[in-house]
Amino acid sequence: TTTISADTQVVSPGGQVSIEGDGALLVEAGSVIDVSAVENGNGGEVTLNSAATQFDGTVLARGGSQSGDGGFVEVSGRSVEFGGYVDTRAPNGETGMLLIDPVTVNIGGASSTISVATVLSQLGGGNVSLSADNDINVNETVDASGTSGANTHSLTLTAPAINLGANILTNNGAVSLSGAVTLTSDSTVSAGSGDVTFSRTVNGAYVLTVNNSGGTTTFGGTTALTS
């Protein structure tokens with residue numbers, strides 16, 4: 001196991017940091033990796049990867065205070081437990097992205113990859129992309145509609161199979177479900193003025209409600225909805 005201890009401080013303005021774990025990677029709470037730009041420039045890039053990755057630390061990849069976009073942070077592995085915080089915001093530029101990329105993603109519920117509370121916190125810190133090799137399971141409602149700082153931040157789910165068993169609500173941020181969606185419960189996807197995109201089919205003997213008064217809703221599958 002490779003451990004990034006709680007007293008670790010890595011500062012590389014606008015730089016790139018890549019850490020590969022030896023079998024497993026533990027990033028402890030209290031550790032900080034800061035690749036934020038200072039005044040002008042884009043936030044940097046951070047990659048944390050191992051067979052089993054547990055992330056409880058902090059990564060800062062903010063754009064410069066005067067100009068520049070937020071950076072890109074990837075936390076990946078065959079299994080990931082994400083309980084930390086990543087900030088990819090940009091006060092005078094485009095917000096960056098956090099990518100969490102294991103084999104399976106469980107949002108809430110037993111054996112969760114990331115808790116609902118952490119998803120909400122992350123949407124306050126930037127755009128969030130959850131990507132899985134196999135499937136994504138939305139087990140509990142994600143309601144970021146009132147989350148401070150989450151305005152217009154997007155949530156993207158990408159996997160061959162997406163099991164939607166609860167609601168997803170953003171604070172005017174786009175919601176994209178890129179994969180074959182199966183409804184496992186009546187579900188609502190609400191994005192305020194943001195766009196909602198289902199790239200493939202949506203199936204299941206339940207009701208899907210989409211609310212986005214100022215955005216566009218797109219169904220890309222050959223079968224828009226069957227039950």
Side-chain angles (χ1 to χ4, degrees), residues 1-38 41-64 68-90 93-108 110-115 117-119 121-137 153-162 176 178-179:
T1 300
T2 300
T3 300
I4 309 302
S5 61
D7 58 355
T8 300
Q9 304 282 319
V10 177
V11 180
S12 178
Q16 296 184 347
V17 175
S18 180
I19 300 175
E20 296 282 338
D22 183 12
L25 174 61
L26 170 61
V27 183
E28 293 184 340
S31 62
V32 177
I33 300 173
D34 188 350
V35 294
S36 299
V38 182
N42 299 329
E45 297 184 7
V46 175
T47 301
L48 305 172
N49 180 55
S50 71
T53 303
Q54 181 175 339
F55 175 77
D56 295 314
T58 298
V59 174
L60 306 175
R62 291 172 59 90
D69 299 334
F72 177 78
V73 178
E74 179 178 358
V75 180
S76 61
R78 288 192 57 81
S79 67
V80 172
E81 294 181 34
F82 188 99
Y85 178 69
V86 170
D87 188 347
T88 63
R89 292 173 293 178
E94 297 294 325
T95 301
M97 177 71 73
L98 164 66
L99 170 64
I100 300 174
D101 186 20
V103 172
T104 294
V105 171
N106 289 306
I107 302 174
S111 303
S112 65
T113 305
I114 184 169
S115 70
T118 303
V119 174
S121 175
Q122 279 308 140
L123 284 170
N127 300 311
V128 176
S129 178
L130 305 177
S131 179
D133 294 341
N134 289 345
D135 56 352
I136 294 176
N137 303 296
H153 292 169
S154 66
L155 177 61
T156 302
L157 308 183
T158 304
I162 300 172
S176 177
S178 182

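All values below were derived from every heavy atom in this structure, side-chain atoms included, with hydrogens, water molecules and symmetry-related copies excluded.
With contacts defined as side-chain heavy-atom distances shorter than 4.5 Å, the pair H153/R89 qualifies. For the pair V59/V27, no side-chain contact is recorded, criterion being any heavy-atom separation below 4.5 Å from C-beta on. At least one side-chain heavy atom of I114 sits less than 4.5 Å from a side-chain heavy atom of I100.
Rounded to the nearest 0.5 angstrom, L157 CG and I162 CD1 are separated by 5.5 Å. Rounding to the nearest 0.5 Å places OG1 of T2 at 9.0 Å from CD1 of I19. Note that CG of L99 is 11.5 Å distant from OG1 of T88, once rounded to the nearest 0.5 Å. Taken from OG1 in T104 to CG in D133, the straight-line distance is 8.0 Å, to the nearest 0.5 Å. In this structure, T58 OG1 and D87 CG are separated by 9.5 Å, a value rounded to the nearest 0.5 Å. Atom CG of N134 sits about 8.0 Å away from atom CZ of R78, to the nearest 0.5 Å.
Taking A24 as the reference, T1, A52 meet the side-chain contact (heavy atoms from CB on, under 4.5 Å) condition, with sequence neighbours excluded. Partners of T156 by side chain to side chain donor-acceptor pair (under 3.5 Å), not counting sequence neighbours: none found. In this structure P160 satisfies the side-chain contact (heavy atoms from CB on, under 4.5 Å) test with no other residue, sequence neighbours excluded. In this view, F82 and F55 satisfy the ring pair (Phe, Tyr, Trp, His ring centres under 6.0 Å) rule, not counting sequence neighbours. By the side-chain contact (heavy atoms from CB on, under 4.5 Å) test, S112 pairs with no residue at all, sequence neighbours left out. Legend: residues meeting side chain to side chain donor-acceptor pair (under 3.5 Å) with S154, ordered by chain and number and at least two apart, are N127. Here D69 pairs with N42, E94 under the side-chain contact (heavy atoms from CB on, under 4.5 Å) rule; sequence neighbours left out. Scanning for side chain to side chain donor-acceptor pair (under 3.5 Å) contacts around S176 gives an empty result, with sequence neighbours left out.
Q122 pairs in a side chain to side chain contact (heavy atoms under 4.5 Å, CB included) with only one of the listed residues (L130, V128, L155), which is V128. None of I136, V80, V75 except one satisfies the side chain to side chain contact (heavy atoms under 4.5 Å, CB included) rule with P102; the exception is V80.
Counting only N and O atoms by type, the side chains of T118 and S121 include no donor and acceptor under 3.5 Å apart.
Of all heavy-atom pairs spanning A61 and V35, the tightest one is CB-CG2, 3.7 Å. Here the shortest heavy-atom pairing between R62 and S36 reads N-OG, 2.9 Å. Annotation for A37 and G64: closest pair CB-N, 3.6 Å, computed over non-hydrogen atoms.
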Item to complete: Applying side chain to side chain contact (heavy atoms under 4.5 Å, CB included), run through L48 and V73 and close with a yes or a no.
Response: CA-CA 8 Å; L48 305 172; V73 178; 5.6 Å; no

Worksheet item: Does the pair T8 and S5 meet the rule for a side-chain hydrogen bond (donor to acceptor under 3.5 Å, both in side chains), with working shown?
Response: CA-CA 6 Å; T8 300; S5 61; 3.2 Å; yes

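The stretch residues 22-38 participates, sequence neighbours left out, in no salt bridge (charged side-chain N to carboxylate O under 4.0 Å, His left out) pair at all. Screening residues 45-56 for side-chain hydrogen bond (donor to acceptor under 3.5 Å, both in side chains) gives E20-N49, N49-S76, S50-T53, Q54-D56 as the qualifying pairs, with residues at least two apart or on separate chains.
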